[in-house]
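Okay, so here's the structure we're looking at.
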Protein chains: 2
Amino acid sequence: MSDGTTPDAPHPKSRGAARRAMRRGPTIDDVAELAGVSRGTVSRVLNGARYVSPAALKAVERAMRQTGYTVNQSARSLVTKRSDAVAFVLSEPQERLFEDPNFSVLLRACTQALAAHDISLILMLESDEDERDRVLRYVRGGHVDGVLLISAHSGDSLIASLARGDVPTVACGKPAGDIGIPYVAAEDREGARQMTRHLVEQGRKRIGMIGCPQIAGGAERLEGYRDVLGRRALRRLVVDAPSYSHSAGAEAMRRLLATSPDIDAVFAASDSLAAGALTELRRAGRGVPDDVAVGGFDDSRIARETDPALTTIRQPLELVSRNMVDVLLRLIRREPAASRLLPTELVVRESA
Amino acid sequence: MSDGTTPDAPHPKSRGAARRAMRRGPTIDDVAELAGVSRGTVSRVLNGARYVSPAALKAVERAMRQTGYTVNQSARSLVTKRSDAVAFVLSEPQERLFEDPNFSVLLRACTQALAAHDISLILMLESDEDERDRVLRYVRGGHVDGVLLISAHSGDSLIASLARGDVPTVACGKPAGDIGIPYVAAEDREGARQMTRHLVEQGRKRIGMIGCPQIAGGAERLEGYRDVLGRRALRRLVVDAPSYSHSAGAEAMRRLLATSPDIDAVFAASDSLAAGALTELRRAGRGVPDDVAVGGFDDSRIARETDPALTTIRQPLELVSRNMVDVLLRLIRREPAASRLLPTELVVRESA
DNA sequence: CTGAAAGCGCTAACAT
DNA sequence: ATGTTAGCGCTTTCAG
């Protein structure tokens with residue numbers, strides 16, 4: 001084989017004056033010429049087609065098809081100052097968030113919702129200082145029209161401080177510190193109430209909770225649990241997990257069993273935590289749900305894959321995503337847009 | 001409040017001639033003026049700083065800092081014809097791929113590897129016809145410099161037909177049909193051999209396989225299994241799963257137990273499949289690994305979270321990602337770049 | 001080594 | 001309704 005990289009250029013004689021032979025698609029002028037109209041008219045067709053005669057419109061459309069024209073986004077952005085792209089910024093202080101099954105759902109749904117508006121999604125990670133700076137520079141450099149901010153932990157947010165500036169931003173989940181940026185979230189507190197009520201209705205008496213207050217929404221879930229239980233939410237029944245992970249769930253369950261061996265139900269603040277709890281309960285020889293009922297939160301994929309399958313609270317993440325995009329687009333258009341809270345739903349399976 | 005959108009322009013008298021007051025960062029000219037050099041020199045500093053006197057360099061750098069200058073990527077792209085962005089195209093015919101824990105790893109690692117080169121990652125989905133067209137138009141519209149193609153199923157690939165064109169593309173996993181595009185993959189076949197050998201060494205006699213030949217790498221894993229077992233790879237010991245999912249694994253295991261109740265080991269072509277098999281084995285009252293040993297493939301997160309934890313084959317996905325990016329960058333620079341195969345590793349845990 | 005000048009392809013006034 | 005024109009901010013010859 002000759003080389004394996006690129007087929008040789010198809011221009012046998014291209015020598016000295018080898019201009020940029022690269023991607024050299026048809027321009028708006030080519031279309032205009034072919035359609036027998038001016039460049040301005042073509043531009044009008046491209047942008048809404050108002051004030052264009054049907055005849056011209058048809059001619060232009062045909063010419064575009066014939067030439068296989070595509071707008072040059074750079075040229076357009078240069079003048080409009082819009083990029084038609086938004087950043088999906090993921091701050092994952094502990095590398096965890098990325099493994100969260102919920103994250104995939106958000107990412108997919110946001111991508112789709114944006115695609116419907118012909119806006120592209122640029123994924124950016126912000127796990128350390130350097131990356132944070134990179135993101136900041138990038139965002140305020142005008143490379144994107146707005147940002148979808150996904151952060152597990154609510155603290156950090158140097159990003160948010162930027163976001164508070166002039167770049168339209170919407171967060172997933174209520175950011176801590178009550179920064180002024182709009183957010184979209186599930187009704188964590190009410191969701192937690194639903195689960196706790198369910199456990200009570202099942203006749204459970206000593207209901208423990210594995211929480212994770214430092215994660216967005218975590219504090220609310222804890223509050224919901226307390227709302228329902230009141231003083232029955234004994235201090236020893238509540239343990240904190242450092243993150244929404246399987247191992248953290250197992251570890252928390254171990255502590256719970258140690259301090260409260262008489263426990264007959266556990267509400268974990270996420271499905272991953274619940275799955276970890278399940279593993280630990282089995283190890284400890286407790287039957288689920290007979291000895292101990294287990295409730296999760298999220299209704300992520302893993303809720304269906306544990307054994308027994310998890311009873312959990314469904315977060316409408318597709319809806320959250322669509323709302324985030326909707327709010328962001330309004331913000332970009334300088335329209336007013338408030339935060340939104342979306343309802344949750346109890347999903348009963350085998351574990352409780 | 002006055003408006004809530006944009007703080008009023010700081011020009012008390014700007015009236016009729018209210019220019020676009022939007023994002024109006026410092027330009028290369030502002031920097032040039034402040035540094036007392038020409039616009040050309042600033043540009044040179046921006047691009048490699050060759051042929052620039054130390055004095056000029058310093059002045060420019062100071063001016064850039066003072067003004068908080070950031071290049072306008074659109075303006076740059078307009079002339080260079082590069083976008084400094086690549087598309088991460090995900091074809092997920094069955095919505096599954098996105099839930100694959102491996103995918104997250106790839107996405108994260110690719111994003112990071114690209115960020116190191118100041119290239120941004122644009123995520124695109126290609127699950128149906130419309131989206132495929134969208135991706136095609138987008139990619140060949142010159143919006144990206146190249147594409148990272150992640151597809152579970154190997155067939156479709158109208159995308160690939162584009163990729164074969166002039167847009168630099170690298171696939172994850174060997175694409176079917178032997179299209180000419182370079183790819184990066186793990187040594188699936190050898191990995192499968194490693195696992196099968198391990199099971200044999202454990203004294204297992206009737207080793208079944210849950211395969212998924214239509215998924216990239218799936219056929220190779222099946223071959224590896226057969227390489228080791230030879231005629232002991234009875235037909236009835238091999239079942240096909242429709243996808244790499246938990247439920248497919250459970251279902252396949254059920255069939256396997258039905259046709260070959262005497263089975264004493266199973267090698268599943270992915271961890272998800274193995275996890276499903278585990279669930280089914282427990283349901284059937286078979287102990288793992290005592291009655292039946294179970295081997296997975298991927299060493300994804302779930303391998304650590306099943307009970308018992310999975311013995312599996314580690315795919316070096318971070319390495320795969322970095323190599324994909326490396327190959328793609330070479331391709332973009334029109335340098336030669338061949339496909340690459342990366343070694344796998346046996347990870348022994350509890351299930352086998 | 002550096003400045004000047006010519007566009008890149010497009011949109012948005014501004015005239016018709 | 002349509003053509004004309006002036007840039008958007010940058011890189012890249014081309015002269016010095």
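Numbers restart at 1 for each chain; the letters A, B, ... are given by sequence-line order, proteins then strands. Predicted model only: the values in this text are computed from it and were never measured.
Taking atom CD1 of B:Ile28 as the reference point, atom C1' of C:dG3 lies 13 Å away to the nearest angstrom. What separates CG of A:Asp29 from P of C:dT11 is a distance of 11 Å, to the nearest Å. Protein atom CG of A:Asn72 is 6 Å distant from nucleotide atom C1' of C:dG9, rounded to whole Å. Spacing between atom CG of B:Leu46 and atom C1' of D:dC10 amounts to 9 Å, rounded to whole angstrom units. Residue B:Gln73 contributes atom CD, which lies 16 Å from atom C1' of C:dG9 at whole-angstrom precision. For the pair A:Leu57 CG and D:dT2 P, the computed distance is 9 Å after rounding to whole Å. Between A:Arg82 atom CZ and C:dC10 atom C1' there is a gap of 12 Å when expressed in whole angstrom units. With rounding to whole Å, B:Asp84 atom CG is found 15 Å from D:dG9 atom C1'.
OP1 or OP2 of C:dG9 has at least one side-chain nitrogen or oxygen of B:Lys81 nearer than 4.0 Å. In terms of phosphate contacts, B:Tyr51 brings no side-chain nitrogen or oxygen within less than 4.0 Å of OP1 or OP2 of D:dT12. Between B:Thr27 and D:dG9, a side-chain N or O to OP1/OP2 separation shorter than 4.0 Å is absent. Proximity of A:Thr41 to the phosphate of D:dG3: a side-chain N or O atom is located under 4.0 Å from OP1 or OP2.
If you find the closest nucleotide of DNA chain C to B:Pro54 and to B:Leu78, the one lying nearer the 5' end belongs to B:Pro54.
Applying the 3.5 Å distance criterion, the base of C:dT11 shares a donor-acceptor pair with the side chain of A:Arg39.
Taking the charged nitrogens against the carboxylate oxygens, B:Asp326 and B:Arg330 do have a contact shorter than 4.0 Å, which makes a salt bridge. Ion pairing between a basic and an acidic side chain is recognised when a charged N comes within 4.0 Å of a carboxylate O; A:Asp29 and A:Arg39 show such pairing.
For A:Arg62, the CZ atom counts as loosely surrounded, since its 6.0 Å shell holds 12 or fewer non-hydrogen atoms of other residues, nucleotides or ligands. Sparse packing is recorded around CD of B:Glu33, with 12 or fewer heavy atoms of other residues, nucleotides or ligands lying under 6.0 Å away.
When distances run from any side-chain atom of B:Thr80 to the nucleotides D:dT11, C:dT11, D:dC10, the shortest one goes to D:dT11. Of the candidates D:dT11, D:dT2, C:dT2, C:dT2 carries the atom nearest the B:Arg44 side chain, counting heavy atoms from C-beta on. Of the candidate nucleotides C:dT11, D:dT11, D:dT2, D:dT11 has the atom nearest to the side chain of B:Asn47.
Screening A:Asp118, A:Val144, A:Asp145 against A:Asp84 for a side chain to side chain contact (heavy atoms under 4.5 Å, CB included) leaves a single residue, A:Asp145.
Counting any heavy atom pair closer than 4.0 Å across all strands shown, B:Ser53 reaches sugar-phosphate atoms only and no base atom.
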